[in-house]
Amino acid sequence: MIDFATLQKYFQFSFVRYAMIVGILIALCSSLLGVTLVLKRYSFIGDGLSHVAFGAMAIASVLKMSNINYLTLPVTVLSAVLLLRVGQNTKIKGDAAIAMLSVSSLAIGYMLMNVFSTSANVSGDVCSTLFGSTSILTLDKSDVNLCIYLSILVIIIFIFFYNRIFAVTFDENFAKATGTKANAYNTLIAVITAVIIVLGMNLVGSLLISALIIFPALSAMRVIRNFRGVIICSAIISVFCAFVGMIISLLYSTPVGSTIVTTDMVVFLIFMVIGKVMRID
């Protein structure tokens, strides 16, 4: 049973309201790009970039930067562009490039956090960064404003370039033949993905952020058969799971990121069953 009286008390605190706003915005942005990434088989890019973000965050922590996003965001965006370019190299395939960048960033980040430790609990800090923690509940107003501005920017870009993103998602060669600059839009998709990953690290951690991108899209694809419908359904699922996951986390003191991803997994299983029933009928 949901204790609404307890929830009401929680929502009297500004940091809880900030966390909900940020969580819902991140979930919404993740769902928009998730469909494209899954259809283009770019799912592992999210996983690779999340490890890059972890490495950049470790460097920012060692340098004692006041706001780690000032380093994490540009490094992750630059890596997204580099990853796309290297992935097109015939000598280094896309999956190999992602694996190299992912493992290297993870190793460097962990090594730096141990060698230049700024905390007595290094293992706890690493675990919190990788899997998410209560940091989503310690956001100040500037963090919330940054998330709002970047989320609005991502949504505007996606809506404005919707037709071109649709074209390069389903038939990149045809899009190139009709004059669409497919490489430029692939780069745009990678950059937006990098921004979403950096935003989402406070919510679910660097290792779980790719799940936030992929699960809602896969769930929607079980029952919807058109691109626009899948995006809308994915957005609804993602926001719902983020909201429910954060509510459960507040009430039962479970890890925020793990709870949200577990909620996404449950919804995926439900939609998978629904999809099978629909095909039988």
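Computed over heavy atoms, backbone and side chain alike; hydrogens, waters and symmetry mates excluded.
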Can you list every pair that meets side chain to side chain donor-acceptor pair (under 3.5 Å) and has a residue in residues 228-250, with sequence neighbours left out? none

With hydrophobic residues grouped by side-chain heavy-atom distances under 4.5 Å, do Val191 and Leu146 end up in a single group? yes

Just to verify, which of Thr262, Val244, Ile237 counts as forming a side-chain contact (heavy atoms from CB on, under 4.5 Å) with Val267? Ile237

Within a reach of under 6.0 Å around CZ of Phe158, are more than 12 heavy atoms found that belong to other residues, nucleotides or ligands? yes

Validation row: Leu150, Leu73 side chains within 4.5 angstrom (heavy atoms): yes

How about Ile155 and Cys29: do any of their side-chain heavy atoms sit closer than 4.5 Å? yes

Gap between atom CG of Asn163 and atom OH of Tyr185 - 0.5 Å precision: 10.0 Å

Working note: Ile260 + Ile248, criterion side-chain contact (heavy atoms from CB on, under 4.5 Å); need CA distance, chi angles, decisive distance, verdict. CA-CA 9 Å; Ile260 292 174; Ile248 293 173; over 6 Å; no

Let's go through Val168 and Lys176 carefully: what are the C-alpha distance in whole Å and the side-chain angles of both, what is the deciding distance for side-chain contact (heavy atoms from CB on, under 4.5 Å) to 0.1 Å, and is it a yes or a no? CA-CA 8 Å; Val168 298; Lys176 288 180 179 178; over 6 Å; no

Between the CD1 atom in Ile274 and the CG atom in Leu269, the distance rounded to the nearest 0.5 Å is 11.0 Å

Do Ile247 and Met20 have side-chain heavy atoms sitting under 4.5 Å apart? yes

Same cluster or not: are Phe166 and Leu39 linked, directly or through other Ile, Leu, Val, Met, Phe, Trp or Tyr residues, by side-chain heavy atoms under 4.5 angstrom apart? yes

Hydrophobic cluster membership, with links at side-chain heavy-atom distances under 4.5 Å among I/L/V/M/F/W/Y: are Leu188 and Ile152 in one? yes

What's the spacing between Thr36 OG1 and Phe170 CZ if we round to 0.5 Å? 8.5 Å

Distance from Asn186 atom CG to Ile165 atom CD1, nearest 0.5 Å? 10.0 Å

Looking at every non-hydrogen atom in both residues, tell me the closest pair between Ile189 and Thr193 and how far apart they are. O-OG1, 2.7 Å

Hphob cluster co-occupancy, Val195 + Leu78, side-chain heavy atoms under 4.5 angstrom: no

In one Ile/Leu/Val/Met/Phe/Trp/Tyr side-chain cluster, 4.5 Å: Val38, Ile236: no

Can Phe268 and Met265 be said to form a side-chain contact (heavy atoms from CB on, under 4.5 Å), step by step? CA-CA 5 Å; Phe268 170 73; Met265 290 171 59; 5.6 Å; no

Quick check for you: to the nearest 0.5 Å, what is the distance between Phe243 atom CZ and Thr263 atom OG1? 12.0 Å

Against Ile231, only a single residue in Leu33, Asn226, Val35, Ile224 fulfils side-chain contact (heavy atoms from CB on, under 4.5 Å); can you say which? Val35

Which value, rounded to the nearest 0.5 Å, describes the distance between Cys241 atom SG and Ile24 atom CD1? 12.0 Å

Before giving the answer on side-chain contact (heavy atoms from CB on, under 4.5 Å), spell out for Ile192 and Ile196 the whole-Å C-alpha distance, their side-chain angles and the decisive distance to 0.1 Å. CA-CA 6 Å; Ile192 295 175; Ile196 291 171; 4.0 Å; yes

Got a list of side-chain donor-acceptor pairs under 3.5 Å for residues 212-223, not counting sequence neighbours?
residue, atom, partner, partner atom, Å
Ser219, OG, Phe215, O, 2.9
Arg222, NE, Leu218, O, 3.0

Note: Leu71 and Ala56 closest approach over all heavy atoms is CD2-O, 3.7 Å

At their closest point, which heavy atom of Cys147 faces which heavy atom of Ile26, and how far apart are they? SG-CG1, 4.1 Å

Run the ring-centre check on Phe227 versus Tyr162 and record whether the distance is less than 6.0 Å. yes

